[in-house]
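I have placed the structure first, in the form of structure tokens, so that the comments after it can refer back to it.
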Amino acid sequence: MSTETKESLNFIEQMIEEDIANGKNDGRVHTRFPPEPNGYLHIGHTKALCISFETAQKYGGKTNLRFDDTNPSTEETHYVEAIKKDIKWLGFEWDGEARFASDYFPQLYAFAVDLIKKGLAYVDDLSPEEMAAQKGTPTKPGVNSPNRDRSVEENLDLFEQMKKGEHPDGSMVLRAKIDMTSPNMLMRDPIMYRIKHEKHHRTGDEWVIYPMYDFTHGQSDAIEGITHSLCSLEFIHHRPLYDWFIKHLEIFPSKQTEFARMNVTYMITSKRKLLKLVQEGLVTGWDDPRMPTISGMRRRGYPAKALREFCKKVGVARRENLIDIKLLENCVRQELNQTANRMMAVLDPVKVVITNYPEDKTEDLILINNPEDESAGKRVVPFSREIYIERADFREDPPSPKKFYRLGPERNVRLKGAYIIRGESFVKDENGVITEIHATYYKDSKSGEDNSGVKAKGVLHWVSVPHAKEIEVRNYDRLFTDETPTNHEGKDFLEFFNTESLKTITGYGEPALTKVKSGEQFQFMRIGYFCCDPDSSEDKIVFNKTVSLRDGFKKKK
RNA sequence: UGACCUAUGGUGUAAUUGGCAACACACCAGUUUUUGGUUCUGGCAUUCCAGGUUCGAGUCCUGGUAGGUCAACCA
């Protein structure tokens with residue numbers, strides 16, 4: 001008898017298993033991911049990506065990548081490339097070639113003609129203002145357009161004229177004839193096609209009329225044989241319309257299911273607002289390591305695996321949610337703890353002179369690269385008479401001496417992988433700032449061959465002064481000072497922009513840090529995880545702080 | 001003054017579909033450790049409210065309450 005706990009299914013998986021059990025679509029599962037190429041993918045898309053790709057994968061199905069490119073005003077090809085790159089980086093493979101809704105423009109046009117012929121669509125040349133006025137409000141029904149009962153012939157003719165470019169932008173639209181009194185605003189004769197004399201990123205000048213989202217999405221799903229069209233909750237009101245078009249066009253009945261989008265503290269997921277950060281120069285670009293975009297998180301050093309694990313832990317449901325960013329950071333640490341090699345770097349240095357260590361001596365010490373992964377091997381780290389340690393690792397007069405394990409006068413401390421040293425004295429400048437610490441070492445306390453009998457509670461990281469390499473370190477903090485910067489009525493989210501979100505400093509690293517490639521990740525011992533930035537050059541290696549280590553000392557303070 | 005969606009610890013998801021409210025994160029207290037990291041242990045809930053059905057309700061019924069979404073020729 002096995003007592004293994006049964007994995008619980010989320011509501012989408014439950015639905016799919018039911019569909020499969022009922023033999024629906026011959027048990028086929030085919031999902032799709034439909035980004036609009038008008039911006040970069042962000043943390044919210046990561047969840048959508050995981051749901052669509054992983055759910056299909058779980059049931060032996062496929063996932064299409066389809067760009068929803070029906071609005072030439074905002075869409076650009078370079079976004080297409082960035083989106084593809086992000087999806088691949090996350091580790092997802094779409095079925096066949098990437099598809100485009102614009103590939104279906106001819107078919108969509110034919111669908112529209114079909115509906116006109118069925119008396120279910122009409123051309124309306126009311127002004128946008130008049131149309132809005134007639135639409136009513138959520139609590140007040142709309143009224144019919146005077147053009148609602150044009151003859152099929154006239155509609156066919158006018159629609160053809162629209163297509164041929166005989167009418168200016170905004171002068172007329174094609175609408176579905178549904179119900180102006182519906183409590184669902186989207187069913188009040190929604191617009192199917194509008195005129196836009198604009199160049200499309202793929203079809204160029206071929207079209208001057210473009211279908212709206214609602215007249216594109218469901219049909220595209222149907223054309224591709226998508227069985228389960230998974231989207232976020234805000235499309236829930238679109239579902240009746242999605243079904244209406246499929247029903248009246250008599251095409252493959254794809255089924256839309258909605259889930260709650262993910263919100264993460266201190267992050268925003270509005271493409272428009274992210275674009276604003278980029279345009280106003282508050283960040284260096286869509287891939288600024290502070291951005292909640294996939295490209296930003298990649299550059300920051302968040303592993304793809306950690307992002308997927310995060311989504312898994314977040315789960316899927318239909319209620320509003322706000323995930324603590326600490327969960328994401330936990331996933332990142334957990335992954336990096338296993339994979340990132342350890343290095344020593346001192347980011348706020350103060351010099352220590354070991355007065356009883358020979359002046360011209362250098363020792364090559366051997367340190368383990370990753371205690372969590374033996375196969376990561378070892379490396380050589382030079383040790384000498386003068387070293388850097390962190391300023392915070394020395395206290396002239398610790399406030400609570402019993403809880404302070406670090407260096408101070410008459411205090412012993414272990415230098416990681418090297419010797420135990422004892423603080424003796426220190427030098428201050430005219431401002432009272434410590435400029436140099438003097439210490440002595442215990443000769444027979446060398447790491448691995450310690451028979452000194454000396455005890456040291458604390459262990460410090462260090463870098464040998466003559467061997468130290470300068471590195472640029474970009475320390476990042478949250479992009480906003482508020483958990484939900486977009487949730488304050490009457491306040492612009494930019495009021496919560498954290499002007500201290502980037503602090504660039506110069507630190508010293510051990511020599512091995514100079515042979516590092518862009519994208520490589522390390523744990524700087526006792527500090528955090530860092531990722532080599534593409535801005536690095538031969539004479540200046542740049543590191544992005546991915547996330548700090550958990551700090552038990554800080555907490556107790 | 002409408003329609004639709006949702007309500008389970010601080011946060012997010014579970015609960016074999018009516019049978020002892022579980023897991024993760026966070027937080028707190030310890031343990032281990034040549035990283036104050038990692039590991040390990042323990043602590044942390046009147047399931048929105050009020051009635052009802054039942055031997056038994058987070059789950060079913062009735063009535064409330066609260067939050068979210070919808071009025072772009074955006075997706």
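Chain A is the first sequence line, chain B the second, and so forth, proteins listed ahead of strands; every chain is numbered from 1.
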Between A:Phe522 and A:Phe524, how do the two ring planes meet: parallel, tilted or perpendicular, split at 30° and 60°?
parallel

Does B:U11 have its OP1 or OP2 closer than 4.0 Å to a side-chain nitrogen or oxygen of A:Thr265?
no

May I ask you to say what A:Lys196 touches in the nucleic acid, namely base, sugar-phosphate or nothing, with a heavy-atom cut-off under 4.0 Å?
sugar-phosphate

Check nucleotides 57-60 of chain B against the protein and report each pair of N or O atoms closer than 3.5 Å, with its distance, or say if there are none.
none

For each nucleotide in nucleotides 1-7 of chain B, reading 5' to 3', give B when a protein heavy atom comes within less than 4.0 Å of its base, S when such contact involves only the sugar-phosphate, and - otherwise.
-BBBSSS

Does A:Ala222 have any side chain to side chain contact (heavy atoms under 4.5 Å, CB included) partners at least two apart in sequence or in another chain, and if so, which?
A:Ile251, A:Phe252, A:Ser254

Please determine if a side-chain N or O atom of A:Asn38 lies less than 4.0 Å away from the OP1 or OP2 oxygen of B:C74.
no

Any base atoms under 4.0 Å from A:Thr70, or only sugar-phosphate, or nothing? Heavy atoms, all strands.
sugar-phosphate

Indicate whether OP1 or OP2 belonging to B:C74 is found under 4.0 Å from a side-chain N or O atom of A:Arg194.
yes

Residues which pass side chain to side chain contact (heavy atoms under 4.5 Å, CB included) with A:Lys378, listed by chain and number, not counting sequence neighbours:
A:Ile366, A:Ile368

Quick check: on RNA chain B, is the nucleotide nearest A:Asn321 upstream (toward 5') of the one nearest A:Arg342, or the reverse? Name the residue that is more 5'.
A:Asn321

Indicate, with a heavy-atom threshold strictly under 4.0 Å, whether A:Gly417 touches base, sugar-phosphate, or nothing.
base

Note, A:Thr269 side chain near A:Met262 side chain (heavy atom, < 4.5 Å)
no

Is there a donor and acceptor pair, one atom on the side chain of A:Arg526 and one on the base of B:U35, closer than 3.5 Å?
no

So A:Phe105 and A:Trp207, would you call those rings parallel, tilted or perpendicular, with 30° and 60° as cut-offs?
perpendicular

Please check the phosphate of B:U39 (OP1 and OP2 only) for any side-chain N or O of A:Arg550 closer than 4.0 Å.
no

RNA chain B base-pair string [pairs: Watson-Crick or G-U under 3.5 Å; |: paired with another strand]
.((((((..((((.....[..)))).((((.........))))....(((((..]....))))))))))).....

So, under a plain 3.5 Å distance rule, would you say the side chain of A:Arg406 forms a donor-acceptor pair with the base of B:G36?
yes

Considering only atom C1', compute the distance from B:U47 to B:A57 and round it to an integer number of Å.
11 Å

Nearest 0.5 angstrom please: A:Phe493 CZ to A:Ser270 OG, how far?
7.0 Å

Between the protein and nucleotides 42-48 of chain B, which nitrogen or oxygen pairs come in under 3.5 angstrom?
none

